[in-house]
Number of protein chains: 2
Amino acid sequence: MNLKQIEKISKALGDVNRLKILRYMQKHNGKVECTQACKLLTLAQPSISHHIKKLVEADLILQHKVGRNYNYSLNQKVWDKYQKSLTEL
Amino acid sequence: MNLKQIEKISKALGDVNRLKILRYMQKHNGKVECTQACKLLTLAQPSISHHIKKLVEADLILQHKVGRNYNYSLNQKVWDKYQKSLTEL
DNA sequence: TAAATACATTGAAAGTTTTAAATATATAAA
DNA sequence: TTTATATATTTAAAACTTTCAATGTATTTA
C-alpha cells in the first residue's frame, strides 16, 4: 500500500462521526439505515451521506444496495493491508 | 483509547508529508534534522516544524532535544494502542 | 400511477488545515 | 561576545472539509 492510499484511509478515519458510523456498522452486521444514523449522530442526512461516501472512497467499506437501503461490509482486505502498512511504513 | 484520540492520531497520519517524516525517522534511528527533511520533502522549514508538531501532539512520537537538534522516537505504546483500538473500535 | 421513503447530489456558508514569509529563540562555533 | 545554525512561533493567504437546505433520483407501498 503506497503512502497516498495510507493517507486517504487515515483521513477517512480522522473524524469522530465516521468512526461512530464504522462502529455502528460493526455492531449491526454491517447494516446501516442512513436515517437511523442521522438520529444517532445528530447530523443531517446529507452529512451522513457525505461521511459514508468518504469511507467508501477510501475503500474501507463496501456498499451493497438492497431495495431502498444500503448494507455495508468492512473491506477486511484493505483494513488488514492498512494495518500492516502502518507497522512497516 | 477513546474515539477522540483515535481521530487525532488518524488525522496526524492523514498527510503524505507526515508519513514521509515518520518513515524517514524510522530509517534514521529516530533522528531527523529538520533542515534535511526540508530538502527531502521540498517544504519550507516552518512547514516541517508544523508537521512534526502535529505528530508530537498526537503523541505518536516523542521529542528529545540534543544540542541544537531534536531526536525523535516512535511512541510504541501509543502506536500499539492505536492499532488495537482500530481492530476493536 | 400517486404518494411516501431512502438515499444522493449540488451549492454555499463556516470551520480547519496547510503553507510560507517574517520574526524569535536557543545553542554552538569563532 | 559576535556570528552562524537549528528550530519554533506568529500571521496571513490559499486550499480543503464539514455541514445543511434545497433538490433530484430510485424504489416501494397504497
Side-chain angles (χ1 to χ4, degrees), chain A residues 3-25 28-74, chain B residues 3-25 28-74:
Chain A
L3 289 193
K4 265 287 165 202
Q5 289 174 285
I6 300 178
E7 181 191 45
K8 194 161 195 178
I9 293 176
S10 301
K11 266 188 182 155
L13 293 173
D15 181 285
V16 163
N17 291 312
R18 287 195 287 272
L19 291 172
K20 282 182 185 164
I21 292 172
L22 278 175
R23 193 163 63 177
Y24 183 93
M25 280 178 193
H28 294 78
N29 282 317
K31 278 176 201 158
V32 181
E33 293 201 12
C34 192
T35 343
Q36 294 218 323
C38 292
K39 279 175 207 158
L40 184 79
L41 303 182
T42 52
L43 279 178
Q45 177 264 316
S47 306
I48 300 289
S49 220
H50 157 81
H51 285 305
I52 289 179
K53 197 177 179 187
K54 288 245 161 176
L55 292 170
V56 170
E57 280 172 356
D59 212 16
L60 267 176
I61 59 176
L62 303 165
Q63 204 176 32
H64 325 275
K65 193 160 191 178
V66 178
R68 271 183 301 198
N69 301 309
Y70 282 101
N71 286 358
Y72 301 90
S73 51
L74 196 65
Chain B
L3 289 192
K4 266 286 165 201
Q5 289 174 285
I6 299 179
E7 181 190 47
K8 192 161 196 178
I9 292 175
S10 302
K11 265 187 182 158
L13 293 172
D15 180 286
V16 163
N17 292 312
R18 288 195 286 273
L19 291 172
K20 282 184 186 164
I21 291 172
L22 278 175
R23 190 162 66 178
Y24 182 93
M25 279 177 193
H28 295 78
N29 282 317
K31 279 175 202 159
V32 181
E33 293 199 12
C34 191
T35 345
Q36 294 217 327
C38 292
K39 279 177 206 155
L40 183 79
L41 304 182
T42 52
L43 279 179
Q45 177 265 315
S47 306
I48 299 290
S49 219
H50 158 81
H51 284 306
I52 288 178
K53 198 176 176 187
K54 288 247 162 177
L55 293 170
V56 171
E57 281 172 356
D59 212 16
L60 267 175
I61 58 175
L62 303 165
Q63 205 176 31
H64 324 275
K65 194 159 194 181
V66 177
R68 271 182 303 198
N69 300 308
Y70 282 101
N71 285 357
Y72 300 90
S73 50
L74 197 65

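Proteins get letters first, then strands, A, B, ... in listed order; numbering begins at 1 in each.
Between atom CG of residue A:Leu60 and atom CD1 of residue A:Ile21 there is a gap of 12.0 Å, rounded to the nearest 0.5 Å.
Following rounding to the nearest Å, A:Lys8 (NZ) and D:dT17 (P) show an atom-to-atom distance of 10 Å. Atom NZ of B:Lys65 and atom P of D:dA8 are 8 Å apart (whole Å). The interatomic distance linking A:Glu7 (CD) with D:dT17 (P) rounds to 9 Å, in whole Å. A:Ile52 places its CD1 atom 12 Å from the P atom of C:dT9, with the value rounded to the nearest Å. Between the P atom of D:dT9 and the OH atom of B:Tyr70 lies a distance of 8 Å, rounded to the nearest Å. The CD-C1' distance, from B:Gln45 to D:dT5, rounds to 11 Å in whole Å. B:Leu55 has its CG atom 14 Å from the C1' atom of C:dT18, to the nearest Å. As a whole-Å value, the separation of A:Lys53 NZ from D:dT18 P is 13 Å.
Across all strands shown, B:Ser47 has heavy atoms under 4.0 Å from base atoms, whether or not it also approaches the sugar-phosphate. A:Glu33 comes within 4.0 angstrom of sugar-phosphate atoms only, judged by non-hydrogen atoms across all strands, and of no base. Across all strands, B:His50 comes closer than 4.0 Å to base atoms (heavy-atom distances). Counting any heavy atom pair closer than 4.0 Å across all strands shown, B:Leu43 reaches sugar-phosphate atoms only and no base atom. Among the atoms of the strands shown, only primed sugar atoms or phosphate atoms (P, OP1, OP2) are found under 4.0 Å from some heavy atom of B:Gln63.
A sub-4.0 Å separation between OP1 or OP2 of C:dA26 and a side-chain N or O of B:Asn69 is absent. Between A:His51 and D:dT19 there is a side-chain polar atom (N or O) within less than 4.0 angstrom of OP1 or OP2. For the pair A:Lys54 and D:dT18, the criterion of a side-chain N or O lying under 4.0 Å from OP1 or OP2 is met. At D:dA8, one or more side-chain N or O atoms of B:Ser49 fall inside 4.0 Å of OP1 or OP2 (strictly under the cut-off).
Place A:Asn17 and A:Arg68 on DNA chain D by their nearest nucleotides, and A:Asn17 ends up nearer the 5' end. Heavy-atom distances to DNA chain D give each of B:Lys11 and B:Tyr72 a nearest nucleotide, and the one nearer the 5′ end belongs to B:Tyr72.
The closest side-chain heavy-atom distance from A:Leu41 to A:His51 is not below 4.5 Å. Side-chain atoms of A:Met25 and A:Leu74, non-hydrogen and from C-beta on, never get closer than 4.5 Å to each other.
Taking both residues in full, the closest heavy atoms of A:Lys8 and A:Ala58 are given as O-CB, 4.1 Å, listed atom of the first, atom of the second, then distance.
A salt bridge does not link B:Glu57 to B:Lys54: none of the charged nitrogens lies less than 4.0 Å from a carboxylate oxygen.
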